[in-house]
Each structure stands twice: as C-alpha cells, then as structure tokens.
Amino acid sequence: MSSQDEDGTVEPGHNTAEPSTSSSNENDETTEDIITVTIGATVPTGFEHTAAEEVNEKIGVDARISKDRGRIYFPITTDKLFQVHLLRSVDNLFVVVEEYDHYQFKESKEETLMEMQQLASKLPWTKALEVWKRNGTLKKKKGYRKGGNGIKVKPNSEATDAAVADTEQQELPQAASAAECLTKAENTADMETSTQELEETAPEAKPIKFRVTCNRAGDKHSFSSNEAARDFGGAVQEFFQWKADMTKFDIEVLLNIHNEEMVIGIALTEESLHRRNISHFGPTTLRSTLCYGMLRLCKPQASDIILDPMCGTGAIPLEGAIEFNSSFYVAGDNNDMAVNRTVNNICHIQKRRAIKGSASGLPIDTVRWDLCNLPIRTGSVDIIITDMPFGKRMGSRKKNWDLYPSCLREMARVCTPGSGKAVLLTQDKKCLAKAISRMGGLWRKLHTVWVNVGGLHAGVYLLKRTGAVFGQTPEDVYESRGTVNAEGDEKGDKELS
Amino acid sequence: MKLLTHNMLTSHVKGVTKGYPLLIKATEVKVNEVDFNPQFVTRMIPKLEWSALVHAAEELGQRQDLPDELVPEYENNEEFLKKVHRVLLEVEVIEGCLRCPESGREFPISRGIPNMLLNEDEV
C-alpha cells in the first residue's frame with residue numbers, strides 16, 4: 001500500500017481517522033468543514049426533467065441530466081446534505097467519487113481491467129467518504145425513514161448481484177495476504193477509530209464491510225460488469241483493507257459505465273426510496289417516485305379535487321396527499337381488496353405521522369365504485385390521475401379496447417370543462433391514443449412522457465379537458481371546433497346525474 | 001368518508017334524476033386532526049354545494065352553528081374557516097350508509113369506505 005498525493009488522494013485509513021479526532025463523536029456539524037461534492041441520483045426514466053426541477057426548487061441548484069438515462073447530477077455543500085433526503089422524485093442517491101466523460105478504455109480486456117485495478121488507489125476518495133460518513137450520522141439523528149418500512153425490495157439488476165458475488169469470492173484470499181504485509185498494530189488502530197466513528201456502536205474493532213455494484217452499458221467494451229466489479233472491487237479492498245460482504249455491507253461502491261462515461265460513487269441510500277409510502281402491496285403497485293413525477297406533471301393547486309378512479313393500492317393519491325397536500329384526493333376502485341389495501345396504506349402513514357407528533361389526518365378519501373359509472377357530480381373534479389390497466393398483469397388487451405373509451409368519457413363528464421386535466425399512465429399506448437382521438441371533442445393531448453415501468457415501455461399522457469359541455473358531444477363522432485368555445489355553458493351542465 | 005367527499009357523491013341508479021344529496025345514516029363517526037390550510041378552505045367553499053354540506057353536518061350532529069347561507073367576507077373570518085375545515089376534512093363516517101333520496105337505495109359505508117357499486121339491474 002503506498003500513499004499517493006495526486007489530486008488530494010491520501011492513504012486510506014489515516015484520513016478517515018482524522019475527521020473523527022478533530023470533532024467529537026456526537027453531531028458537531030458546526031466544527032466540521034463544509035465541502036462541496038457532486039451528488040448523483042437515479043430517477044424513473046422519462047422523469048429526469050421533473051427531478052431536475054425538484055432539485056432546483058428544494059435545493060436551489062441546477063441539475064445536469066446524464067446521457068445515461070435515468071440519472072441526474074447536482075452539486076451540494078455538506079451543510080445542506082439533509083435536503084437530498086427531502087427529494088421525492090429520486091429512487092437512489094450516491095456521492096460521486098470521480099467522473100470521466102470520455103474514458104478511453106484500453107483495447108484488450110486484460111489491459112482495461114488492470115487499469116481499473118490501478119484506478120482504485122488513485123481516486124479522490126476522501127471527500128466522498130466524508131460525505132458518506134456524515135450522511136450516516138444524519139440518518140441516525142433524524143430517524144431517517146427507510147423506504148418500504150421493512151418490506152424488502154429486490155435489487156433491480158441481476159447482473160449486479162452476480163458481480164457482487166464474484167467480488168466476494170475473489171476477494172477473501174487477497175484480503176488475507178494483503179493484511180499480512182501490513183503492520184498489524186497500525187492497521188488495527190486505524191480501522192478501530194474509523195469504524196467507531198462510523199458505526200458509533202460496538203466498542204470492539206469491526207472492519208468496514210463493502211460491496212461493489214457495477215452497471216455497464218455500451219457495445220464497445222471488452223469486459224463485462226461482473227469482471228469490472230470483481231477487479232475494481234478487489235483493488236478497492238486491498239487499498240482500504242475493507243471486508244467484502246454482499247448483503248451486510250456498510251459501504252456500497254458504485255461503478256457506472258455508460259459507453260465512454262464512467263462514474264464512481266458511494267451510495268447514500270440503503271434501500272431504494274421508491275416504495276416509501278406503501279406497506280401493503282398489490283400486484284401492480286407503482287413506485288412512489290413515479291407517482292410523484294406524474295403528480296408534478298399536472299401541477300396540483302390549492303383546493304384542487306384530484307381523483308384516481310382506478311387506484312389499486314392507492315399509491316398515486318397517497319403520494320399526492322403527502323407531497324401536494326393543499327389538494328384533496330379521492331381514491332376509488334371497484335375491487336374490494338384494492339380499496340382495503342388503500343385504506344391500510346393510508347392508516348399506516350397516519351400512524352407514522354401520529355407517532356412523530358404531527359396532525360395525522362390526510363386530505364384523502366377512498367370509495368368503492370365503477371369507473372365507467374362514477375357516483376360523482378358532473379364537472380366537480382379538477383384533475384384525474386391514474387395508472388390504467390396495462391392488459392398484461394391486470395385486465396387484457398381486448399378489455400382495454402372497450403374500457404378505455406368508456407373511461408375517457410366518464411372522466412370527461414366529472415372533470416371541469418375548460419380547466420380540468422388528466423394524467424394517465426398506460427402501456428397500451430395504441431389503445432389509449434385511439435380512445436383519445438375518438439374523444440377529441442372532450443380531451444386534448446398536451447404532452448407525453450415515455451417511461452419504463454417494470455421493464456415495460458409505457459407512456460404518461462397529460463390531457464386537457466376541452467371547454468365542451470358534456471352531453472352535447474356524441475361519443476363516437478369527432479367534434480367540430482365550434483363547440484370548444486362553449487365555456488359559458490358550464491353551469492348549465494351542473495345538473496346532478 | 002369525509003363530508004367533502006359526500007358533497008360530491010351522488011346516486012347514479014338508473015332513472016333517478018334527483019339523486020343528490022345522499023342522506024347519511026351513521027353508526028360510527030370519528031374526528032381526526034388534519035392540518036388547517038386557510039387557502040384550501042377559502043378556495044373550496046365556492047366549489048361546494050353549501051346547503052348539502054350543512055345538512056350533512058347536521059345529520060351527524062356536527063353542525064356547530066354553521067349558517068344556512070354563506071356570510072359575505074368569509075375569507076377573512078378565521079374562526080368560520082376553521083369550522084368549515086373541521087366539517088369538510090376532520091369529521092369522518094366510519095360505519096353507516098348513504099341513502100338515495102329518490103329511490104331509497106342504500107349504499108353501505110364500512111371502514112370509512114362507501115360502496116357505490118350498483119347491481120346489474122340498477123345500471
């Protein structure tokens with residue numbers, strides 16, 4: 001192990017020990033230096049701009065959208081670190097150790113992997129590790145909510161699991177030999193100090209456990225993500241004298257390679273944040289981050305009445321009731337299990353809020369209904385937001401053919417003419433597009449966001465309710481432009497059912 | 001079921017023309033604290049069917065001297081807004097039923113969820 005002084009890199013073990021001795025063990029943030037780092041965030045593909053908007057709004061910095069889809073980057077100072085945990089559109093967060101925009105990989109696999117191993121000891125780890133450490137303290141202090149409340153979420157990528165397994169198998173023999181070369185006393189002392197600082201628990205020395213996760217995309221690479229993770233991980237282990245552990249790790253090192261773009265980072269989130277609100281899952285529960293993205297699209301205003309007529313487990317209206325809480329949400333479904341799960345999820349959140357001492361009630365209600373025959377007054381809803389059956393896990397393509405136009409019609413009836421909006425997520429894009437054009441007199445397409453939901457390519461359609469009075473538009477005939485100016489007649493159609 | 005939701009719900013049984021407002025029969029009512037947002041209440045009031053709200057609150061014994069008609073300048077009357085906030089969002093019917101004023105058809109409420117599904121012959 002040699003010490004390198006390029007770019008502020010230092011010997012591992014020594015510098016991680018320094019901050020701990022200069023500040024007391026408890027949260028003495030004022031005496032710690034403020035450093036600026038780059039944070040990376042994974043977001044649902046298609047909602048990168050929405051996420052960047054949220055970062056701008058809540059943290060006040062400009063985010064950069066990566067060419068590698070579903071990722072954004074932004075700078076932050078460590079005194080504002082807690083703010084990243086307030087972001088609702090991000091699935092996972094990490095602190096960037098180093099970024100390469102145009103990394104020139106060597107021709108052969110052997111050379112490339114060798115270079116990666118050498119890279120491990122040259123990277124500027126200090127700042128990133130410091131941020132990781134402070135983030136750990138933050139989470140303990142604020143009673144940071146873990147995503148899912150105990151529901152285990154499987155890691156998304158199978159490739160990364162394999163990479164990690166490889167790392168673990170390769171590394172153990174190396175660790176033994178590397179440890180033998182070092183002065184045992186010095187090594188143990190460093191590790192003791194750093195682990196105490198980091199874990200603030202057991203008095204005995206515990207080596208830091210880590211794993212490396214590699215995501216690789218591109219067709220010109222000579223190596224696989226497994227191989228990169230294995231070799232890079234091996235070098236990291238040797239450099240820091242950490243112990244590789246696939247499941248109970250303290251530090252997760254991320255190696256993201258997308259064509260010529262390479263980013264090395266350290267994860268700041270343990271479980272993905274995307275299932276944060278839901279404790280009672282259903283067969284098609286949507287990620288909360290995706291729900292948030294959809295809600296942001298329709299820009300809920302104070303006192304807006306927002307309906308989800310096919311709510312499933314209530315993920316979308318619940319996220320709305322929490323994040324855009326100056327509106328009122330009505331979640332509805334025809335299925336008995338769905339409405340019960342929705343109520344369970346709402347109760348769960350309310351209990352959590354009550355424990356924290358805040359007013360537990362949320363602006364949301366649940367009804368069991370038939371969405372093609374809604375028991376709702378005409379023109380009384382401002383926004384309709386829903387996840388429409390895809391025809392794969394729920395419903396069927398054939399059913400969608402009849403369901404979609406009926407839905408759109410009934411949604412148009414309850415929605416306020418002229419100002420009403422709808423945000424509809426579906427994978428059956430062809431069917432929905434056809435239904436929208438059939439209902440052209442009632443709905444106008446404003447914008448579409450292409451997203452990825454559980455591996456399926458789906459679309460989020462933002463629609464605007466035309467000014468046309470309901471009941472004057474024949475369902476199957478394309479409406480002429482003339483009736484769009486009928487906004488003044490709105491009151492006349494407030495007849496009740 | 002909160003009374004704000006009730007204000008929007010209507011009977012859609014086939015042939016019924018006066019299905020609003022639904023009559024409430026409650027066997028269990030709860031009051032839950034919800035954060036007060038004056039802007040929300042102020043903007044919501046014009047969208048409501050005021051008399052239906054007052055009548056529903058009365059049915060539940062939660063009217064708390066809300067007036068039959070809206071007083072002018074209510075936007076600045078915080079006491080009034082808080083009362084409206086309470087009946088709109090904080091009072092919840094947990095068990096009971098809703099009744100169509102015209103057909104008499106009853107829709108049960110259980111665990112706070114009104115079941116508005118119709119039978120095939122009613123659609």
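Because only heavy atoms are used, hydrogens play no part in the values below, and waters and symmetry mates are left out as well, while side chains stay in. In the text below, chain A, chain B and the rest are named by the order of the sequence lines, each starting its count at 1.
Although no hydrogens or angles enter the test, the distance criterion places a donor-acceptor pair under 3.5 Å between the side chain of R377(A) and the main chain of N7(B).
Scanning all heavy atoms of the two residues, the minimum distance from D370(A) to L117(B) falls at N-CD2, 3.6 Å. The minimum heavy-atom distance linking L4(B) with F328(A) is given by the pair CD2-CG, 3.5 Å.
Between the side chains of S303(A) and K47(B), at least one donor-acceptor pair of N or O atoms lies under 3.5 Å.
Interface remark: D336(A) contributes no atoms to any contact with chain B (heavy atom separation under 4.5 Å). At a 4.5 Å heavy-atom cutoff, the contact between D382(A) and chain B is made by side-chain atoms alone. Within the 4.5 angstrom heavy-atom criterion, only side-chain atoms of L118(B), from C-beta onward, approach chain A. Interface remark: V330(A) contributes side-chain atoms only to the contact with chain B (heavy atom separation under 4.5 Å). Interface remark: S327(A) contributes backbone atoms only to the contact with chain B (heavy atom separation under 4.5 Å).
Listed by chain and number, the residues in a side-chain hydrogen bond (donor to acceptor under 3.5 Å, both in side chains) with D365(A) are T5(B) (sequence neighbours excluded). Annotation: side-chain contact (heavy atoms from CB on, under 4.5 Å) contacts of N76(B) (sequence neighbours excluded): E73(B).
For K25(B), the NZ atom is loosely surrounded, since the number of other residues' heavy atoms within 6.0 Å does not exceed 12. Counting non-hydrogen atoms of other residues, nucleotides and ligands closer than 6.0 Å to CD of E28(B) gives a total above 12.
Comparing T342(A), V343(A), N334(A) by heavy-atom pairs within less than 4.5 Å of chain B, the highest count is held by V343(A). For the options M44(B), E90(B), K2(B), heavy-atom pairs under 4.5 Å to chain A are most numerous at K2(B). In terms of heavy-atom pairs under 4.5 Å with chain B, the best-connected choice from N325(A), T366(A), V381(A) is T366(A).
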inquiry  = Could you walk me through whether M8(B) and I305(A) satisfy the side chain to side chain contact (heavy atoms under 4.5 Å, CB included) test, starting with their C-alpha distance in whole Å, then the side-chain angles of each, then the deciding distance to 0.1 Å, before giving a yes or no?
reply    = CA-CA 10 Å; M8(B) 294 187 290; I305(A) 303 274; 3.5 Å; yes
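A distance of 12.0 Å separates OH of Y20(B) from OG1 of T378(A), quoted to the nearest 0.5 Å.
By a heavy-atom distance cut of under 4.5 Å, N32(B), E33(B), V34(B), D35(B), N37(B), Q39(B), F40(B) are the residues of residues 32-41 of chain B near chain A, going up by number. Of residues 92-116 of chain B, those residues lying under 4.5 Å from chain A by any heavy-atom pair are R111(B), G112(B), I113(B), P114(B), N115(B), M116(B).
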